[in-house]
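First comes the structure, then the notes that go with it.
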Amino acid sequence: MQSSDHRTNGNEAIKQGDYISAWQHYTEGLQITPKDPYLWCNRAFACLKAGFPELALHDSANTEAILAEYPEQDLNDDLVKLKFKGKYRMAEAYSVLGIPKHAAVEYRACIDLAKKDPSMKTYTKSDLNMWEKKKEIHYKTSLLHDQFLESCQITLKRKKHGFYKFEEKYPWDKKYEERASKEMVEKLQKKLDPASNNLLKICKVKIDDSEQLGICVKNSITKSRVTLQEDPFITAHNYYECRCDYCFHELNDPDSAPDPFETLYKDPRKKDAYQCPKRGCREVFCNEKCYKSSLNLYHKVLCGKNDGIKELVDLIHSDTIGVLHHLMLTVRLFALAKIRDICPLDIEEIKHLSRFTPVSTPFRGKMIYDPSFYDIYLKILEILGISRFDLRYDYWIFITIMNLVMPNSFPGPGHSPEMDTLVLYQLSSLINHNCAPNFFDAQYLSQDYDSSPGPVRDNVRTICKINDTDNSFHPARIFFAALREIQKDEQVFKSYCDPKQSKVERHMGLVTTFGFVCKCERCQYEPGEANQDPINYHFHFSVIPDWVKKYD
């Protein structure tokens, strides 16, 4: 089939109100002709009608980017109208996302385009009046928005955030179905057996109305027994400290000015940095071994991309709501996929992981959406040398990977008050939450833990009897031990929050970070109300204004 046939089929599906099928037809056409502006614009419409305005922004922007390459004399009436449609769909998407200032700007651009170009005379005065009214409504809404922020003395950086729908998977995401398949369970079990010394097994468990993967014990195990240990699949750090880009070890900063008292006050824990051999790359490592491990995993395509990475790091450091701290893991996964020449969702080590699913508490089931997400996405593609029209790295895939990383990553070593290091494990992420856990965990005795023991880490050190004389353990190797005797076939649980907190405090943390309200036995019977206001909206509103409800 030609791309024009897919476009025709998509248009027919639109007429029938089958917007998901339309999206699929347009996507199949784009696989043949990835720079067809009609297909991108039509797919933007399908995304809007299907309830995915965040994706409509991407497709509209691609329409505009393609048309911008056309010489002025080649922009016939049809292409000018297409440009207008793309701009209008972008305005509608911002409106639905609840980002009024951006919507008003795009409506203004639509009006200017309609008035300026002769080919737009087919639109009537009533059309212009409708657009003008929409523009004014959104400008006024934006002013109310700003006034509310000012009265609450809330950081202006937060004012551009809206909300969008995300229900763990997009309806065309067929890869999601592999997550809990029989074949996947068998693959994971083969990896779990050596990691757990044949003590654990993959099991399927019911959580609310969905089937999830979990881990159970094969036979009863005694209290304090080390039951699982695992090195990370991939790691990332947010450059708060000078660290090895692969193993996190804190290093002496090679770019810092020499200190005349350095020999007196030099931190014995820190190593001298091994710099990437490529001229122009400023990434540092512990040694050649870490460099080579990083190179084959993700560094090969990130090597020398200092300026682009710095832009992303600056965004992470300026983040006021905590949604961007997991970004460097997303960058690494995209880099790994580029090296393997596959879609990031096809990375074998992460296929089975659950994705963030917001419950009704975060603004009625919607997730926070920041317009900078799209700029970040384009920056990642630019750094990695990936075309924005390559459907293996489509915008919905970026959003999906971000929402896979968020609930499955573990904090790594670090003493910064910010989230300094992050780790993604292939097996350990399958251990589900309970507010009365039967498992406890700690990472390997790393450099940063030497001066901050703590009871849990001390216990793990004693129980594990770590003797890593040849430094073969990754500093973020994780160990799990039983808190009590665990019976045969019982599921193992760790706590995703501080079990010492109150019920309300635990639930607030679980909702914002993992997207669920815990219904474990402790939460069922512990006194206290677990209900709270929409958590995500506290990122920039202390209460929900009446005017914003129209976006729900």
side-chain contact (heavy atoms from CB on, under 4.5 Å) for H58 and D394? Distances and angles first, verdict last.
CA-CA 9 Å; H58 167 59; D394 212 344; 3.2 Å; yes
When rounded to the nearest 0.5 angstrom, what is the spacing between [atom1] in [X] and [atom2] in [Y]?
{"X": "I99", "Y": "D370", "atom1": "CD1", "atom2": "CG", "value": "7.5 Å"}
{"X": "N434", "Y": "F439", "atom1": "CG", "atom2": "CZ", "value": "13.0 Å"}
{"X": "H317", "Y": "N238", "atom1": "NE2", "atom2": "CG", "value": "5.5 Å"}
{"X": "F480", "Y": "L427", "atom1": "CZ", "atom2": "CG", "value": "10.0 Å"}
{"X": "E283", "Y": "C276", "atom1": "CD", "atom2": "SG", "value": "8.0 Å"}
{"X": "F479", "Y": "L228", "atom1": "CZ", "atom2": "CG", "value": "10.0 Å"}

Do the two ring centres, one from F166 and one from F356, sit under 6.0 Å apart?
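Centroid distance F166-F356: not below 6.0 Å, so no.
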Ring-ring centroid check H433 F516, cutoff 6.0 Å:
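For H433 and F516, the ring centres are under 6.0 Å apart.
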Quick one: do F45 and Y88 satisfy side-chain contact (heavy atoms from CB on, under 4.5 Å)? Show the steps, please.
CA-CA 10 Å; F45 182 74; Y88 187 75; over 6 Å; no
Under the side-chain contact (heavy atoms from CB on, under 4.5 Å) criterion, do E69 and K35 qualify, and how do the steps go?
CA-CA 11 Å; E69 297 177 3; K35 296 190 73 172; 2.9 Å; yes
Check whether any side-chain N or O of [X] sits under 3.5 Å from a backbone N or O of [Y] as a donor-acceptor pair, and report yes or no.
{"X": "K494", "Y": "I431", "answer": "no"}
{"X": "S95", "Y": "A91", "answer": "no"}
{"X": "E230", "Y": "Q426", "answer": "yes"}
{"X": "R43", "Y": "T27", "answer": "no"}
{"X": "T63", "Y": "C41", "answer": "yes"}
{"X": "S294", "Y": "C290", "answer": "no"}
{"X": "S318", "Y": "L315", "answer": "yes"}
{"X": "K338", "Y": "L384", "answer": "yes"}
{"X": "S429", "Y": "N408", "answer": "yes"}

Basic-acidic side-chain contact under 4.0 Å: [X], [Y]:
{"X": "K379", "Y": "E382", "result": "yes"}
{"X": "K191", "Y": "E348", "result": "no"}
{"X": "K310", "Y": "D314", "result": "yes"}

Specify whether [X] and [Y] have parallel, tilted or perpendicular ring planes, treating 30° as the upper limit for parallel and 60° as the lower limit for perpendicular.
{"X": "Y170", "Y": "F52", "value": "perpendicular"}
{"X": "F398", "Y": "Y377", "value": "tilted"}
{"X": "F514", "Y": "Y496", "value": "tilted"}

[X] to [Y] - nearest heavy-atom pair and separation:
{"X": "S354", "Y": "P407", "result": "O-CG, 4.1 Å"}
{"X": "I309", "Y": "L302", "result": "CD1-O, 4.0 Å"}
{"X": "C343", "Y": "A337", "result": "C-CB, 4.2 Å"}
{"X": "I20", "Y": "P171", "result": "CD1-CG, 3.5 Å"}
{"X": "V313", "Y": "Y239", "result": "CG2-CD1, 3.5 Å"}
{"X": "M90", "Y": "A61", "result": "CE-N, 3.6 Å"}

Test side chain to side chain contact (heavy atoms under 4.5 Å, CB included) applied to [X] and [options], the passing residue:
{"X": "R392", "options": "D341, L345, I342, D346", "result": "D341"}
{"X": "R179", "options": "Q212, R355, K351", "result": "Q212"}
{"X": "F285", "options": "H299, R243, K292", "result": "H299"}

Residue pair [X] / [Y], side-chain heavy-atom distance below 4.5 Å:
{"X": "L422", "Y": "H326", "value": "yes"}
{"X": "L430", "Y": "L192", "value": "no"}
{"X": "I401", "Y": "I350", "value": "yes"}
{"X": "L378", "Y": "Y374", "value": "yes"}
{"X": "H102", "Y": "E106", "value": "no"}
{"X": "Q229", "Y": "I478", "value": "no"}
{"X": "R282", "Y": "D307", "value": "yes"}
{"X": "D390", "Y": "P34", "value": "no"}

Take V105 and Y94 through the side-chain contact (heavy atoms from CB on, under 4.5 Å) test and state the conclusion after the steps.
CA-CA 10 Å; V105 169; Y94 279 129; over 6 Å; no
Distance-only polar pair, side chains of E168 and Y176, donor-acceptor under 3.5 Å:
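Yes, side-chain donor-acceptor contact under 3.5 Å.
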Between H237 and D245, is there a side-chain donor-acceptor contact under 3.5 Å, judged purely by atom types and distance?
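There is such a pair between these side chains.
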